[in-house]
Every structure is written in structure tokens, then in C-alpha cells.
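Here the structure is laid out as C-alpha cells; the discussion comes afterwards.
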Protein chains: 2
Amino acid sequence: MSCSSEYVPQLRALGYRMTPQRMAILHVLRHEGTHLSPAEVYKKALLELPGLTEPTVYRTLEFLADLGLARPAYATNGRLTYEIAGNDHHHLVCKHCGDEIEVEHTLLESLYRLLETTSGYRSIGSHVTFFGICPKCQKN
Amino acid sequence: MSCSSEYVPQLRALGYRMTPQRMAILHVLRHEGTHLSPAEVYKKALLELPGLTEPTVYRTLEFLADLGLARPAYATNGRLTYEIAGNDHHHLVCKHCGDEIEVEHTLLESLYRLLETTSGYRSIGSHVTFFGICPKCQKN
DNA sequence: GTAGTTATTGTAAAAACTTGCAATAAGGAA
DNA sequence: TTCCTTATTGCAAGTTTTTACAATAACTAC
């Protein structure tokens with residue numbers, strides 16, 4: 001239960017509070033690792049914290065994403081999913097079968113630099129999902 | 001009204017049909033140019049074609065996107081929007097004020113090549129939205 | 001500890017989006 | 001033209017996501 005308390009100082013420093021709801025949701029994200037839909041997070045977190053509601057899950061996931069603790073990503077069906085922020089990577093999803101692989105962030109870094117210098121924008125770097133056809137589907 | 005009939009052959013060739021609904025929606029997309037939410041498309045297309053329904057708008061937008069005639073893009077609020085497919089470009093959206101600029105596709109091409117060779121995936125290239133902080137917001 | 005401030009939650013309802021299925025109508029063939 | 005096939009639509013209901021606001025509880029200061 002207290003395994004996510006390491007986030008407390010980070011929240012406090014920004015004027016936010018740690019709550020059982022945030023603990024439970026962070027715990028689910030950390031435990032699962034992969035992309036989770038809000039509904040999946042809700043279902044799993046509800047087991048740890050009966051009484052938790054869906055609006056709280058949606059708000060908390062967005063909150064965690066704003067803080068950079070969770071990373072949002074769009075699934076093949078266009079729906080938003082989340083995963084715990086860890087090693088910085090992106091995704092490449094197969095348009096046919098939905099299989100996905102991770103894309104190292106370093107591959108994108110020079111592109112971001114280029115965009116920054118040509119556009120004047122700063123802090124470019126949010127999570128990006130690419131779509132393509134995976135090797136398996138290329139044979140079918 | 002017939003200004004979108006140029007799409008007819010392309011639909012036919014794939015076994016699809018041109019309908020007044022698709023005409024109206026294509027017309028709205030072409031006339032507006034910028035990103036439109038499904039609700040906005042519905043409101044505008046309804047004026048051209050009374051009786052049009054929302055499910056049809058959602059289905060048609062997805063259909064046009066699948067065919068490459070419309071390009072989906074995620075707005076700052078995470079909601080899906082569409083624009084008519086024309087010159088191939090991407091978007092860079094300011095996380096603060098929502099302002100956006102276009103990013104030439106050519107900037108991404110070498111990245112796509114790299115992804116293809118390292119991942120084995122093919123046909124990488126769907127539309128990507130980047131987020132950053134625009135020059136104006138950097139001063140505030 | 002107790003009290004005060006206010007971030008956060010739950011509730012209830014609305015808005016946005018999706019789905020199944022029967023009815024319609026687009027396009028091909030006679 | 002008329003008939004036939006089936007892609008596409010509208011309807012109705014469902015699911016997902018968001019919002020407003022009053023109640024709660026996390027943290028601070030005393």
C-alpha cells in the first residue's frame with residue numbers, strides 16, 4: 001500500500017496532496033506496466049480501494065499525466081490509455097493486428113532539436129505513437 | 001453540391017458508394033480547411049443535408065480517415081478532430097495556449113526510414129501531433 | 001492534539017461517442 | 001427502366017468520458 005509513497009514529496013512540493021485514490025491508481029499503473037484504459041485502471045484499483053469512482057480515475061490519470069508521472073498514449077481504436085512513466089520511449093503500432101513495439105526516445109531527439117530551431121517552440125517531447133505494418137502482417 | 005464528386009471514382013474503385021451524407025461531410029471538411037470536431041462537422045453538414053445524424057458523421061469521418069481522404073488529429077484536450085487530406089503535414093501544438101503550426105512531412109521522413117530499418121515495420125507515416133511551448137508562451 | 005484552509009473526492013447529470021439491427025438507397029445487371 | 005444485391009443510413013439504446021458543485025479529508029499552523 002505504501003509502495004507508492006515515494007511520490008509524496010513530489011506532489012507536496014507542487015502543492016498537491018497524496019490520497020488513497022492516487023496511491024491505488026499509481027499502484028495499479030506501476031504493477032501492470034503496460035498500457036491501461038481508464039476502465040481497466042478503475043476495475044483494478046477498485047479492488048484495492050472499494051468506493052473509488054470513475055470520475056476520480058479519469059481526473060487522476062490526467063493529473064498524473066500532467067505531472068509526468070503517467071504517460072498517455074492512444075491505442076489503435078483511438079482511445080486513450082496510460083502507463084507509468086519510466087524509461088522514456090514511444091510506440092510503433094501495427095495498423096493491422098495492433099501489435100506494438102517500443103521506440104527509443106533517442107531516435108526522436110534530433111527531430112525535436114530540429115523542430116525547436118525551425119519553429120521557435122520549446123520543450124517539445126510529448127509521447128508519440130507511430131502506426132505502420134508489422135513484419136508478420138506484411139506477409140499476409 | 002457536386003463539388004466533391006471528384007472522389008466518386010476513388011470510392012467506386014474500392015467497392016464503396018458515394019452518398020449525400022458523404023458528399024455533405026466532405027464538402028464541410030474541404031470548405032473549412034482546419035481541424036473540426038465531429039460535433040462541428042455535424043452542425044455544419046446538417047445545414048447542407050437536413051436529417052443527417054451524428055452516428056453517420058462519426059462513421060463517415062472514420063471511413064474517410066481510413067481511405068486517407070481525411071486526416072485525424074488529436075486536439076490539446078485529447079479529443080479527435082479531422083481535416084481534409086491535402087498537403088502532407090503534421091502539427092506542433094502549444095501545451096499552454098493551444099496555438100498550432102504545421103510541420104512539414106519532409107522533416108519526419110528520415111525518421112520514418114530509420115524506424116523502418118530498425119523495426120521491420122513498413123508504411124510508417126500516419127499523422128503525428130507534437131506538443132511543445134510556443135514562443136509567445138515562453139515569455140509569460 | 002485541534003482548528004482552518006483548500007485540494008480532492010463522490011454524486012448526479014450531461015455530453016460525447018459507439019454499437020446492433022432493421023430500413024433504405026446506391027450502383028450493377030438484365 | 002426495373003430488379004437485385006449489399007453498402008450505408010437512421011434509430012434507439014448503450015457505453016465512455018466530462019462537468020458542476022457540495023461534502024470530505026489532507027496538510028499546515030497553532
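By convention in this document, chain letters (A, B, ...) are assigned in the order of the sequence lines, proteins followed by strands, and residues within each chain are numbered from 1. Side-chain atoms are counted along with the backbone in the values below, which use heavy atoms only and exclude waters and symmetry mates.
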- Check each residue of residues 40-57 of chain B for a non-hydrogen atom within less than 4.0 Å of any atom in DNA chain D, then write out the ones that pass by number, or none. B:Gly51, B:Leu52, B:Thr53, B:Pro55, B:Thr56
- Atom CZ of B:Arg17 and atom C1' of C:dT24: how far apart are they, to the nearest Å? 11 Å
- Query: Backbone N or O of A:Leu52 within a donor-acceptor pair of the A:Thr56 side chain at under 3.5 Å?
  - Reply: no
- Query: Does any pair with a residue in residues 44-60 of chain A pass salt bridge (charged side-chain N to carboxylate O under 4.0 Å, His left out), and if so which ones, sequence neighbours excluded?
  - Reply: A:Glu32-A:Lys44
- How long is the line joining CE of B:Met18 and P of C:dG28, in whole Å? 13 Å
- Quick one: on DNA chain D, does B:Arg79 or A:Gln21 contact a more 5' nucleotide (nearest heavy atom)? B:Arg79
- Message: Is it the case that the side chain of A:Arg17 and the backbone of A:Val8 share a donor-acceptor pair, with hydrogens and angles ignored and the cut-off at 3.5 Å?
- Response: no
- Specify the separation, in whole Å, of atom OH of B:Tyr74 and atom P of C:dC17. 11 Å
- Taking the nucleotide of DNA chain C with the closest heavy atom to each, which residue, B:Glu62 or A:Leu11, is nearer the 5' end? A:Leu11
- Message: Are B:Leu49 and B:Ile25 connected into the same hydrophobic cluster when the rule is that any two of I, L, V, M, F, W, Y join if their side-chain heavy atoms are below 4.5 Å apart?
- Response: yes
- Pairwise 5' ranking along DNA chain D for B:Gly15 and A:Ser37, keeping only the more 5' one: B:Gly15
- ILVMFWY network linking B:Leu14 to B:Leu64, side-chain heavy atoms under 4.5 angstrom: yes
- So which one's nearest nucleotide on DNA chain C is more toward 5', B:Val8 or B:Arg59? B:Arg59
- Nearest-Å distance for atom pair CG/P, residues B:Asn77 and C:dA16: 11 Å
- Contact boundaries on DNA chain D for chain A, cut-off under 4.0 Å to non-hydrogen atoms: D:dT16 to D:dC27
- Using the rule that two of Ile, Leu, Val, Met, Phe, Trp, Tyr join whenever any of their side-chain heavy atoms come within less than 4.5 Å, decide whether A:Val28 and A:Met18 are in one cluster. yes
- Item | Flag, side chain of A:Thr81 to backbone of A:Ala73, donor-acceptor distance under 3.5 Å | yes
- Item | Parallel, tilted or perpendicular: rings of B:Tyr74 and A:Tyr74 (30°, 60°) | parallel
- Query: Heavy atoms, side chains only, cut-off 4.5 Å: are B:Thr60 and B:Thr19 in contact?
  - Reply: no
- Phosphate OP1/OP2 of C:dA7 contacted by A:Thr19 side-chain N/O (<4.0 Å): no
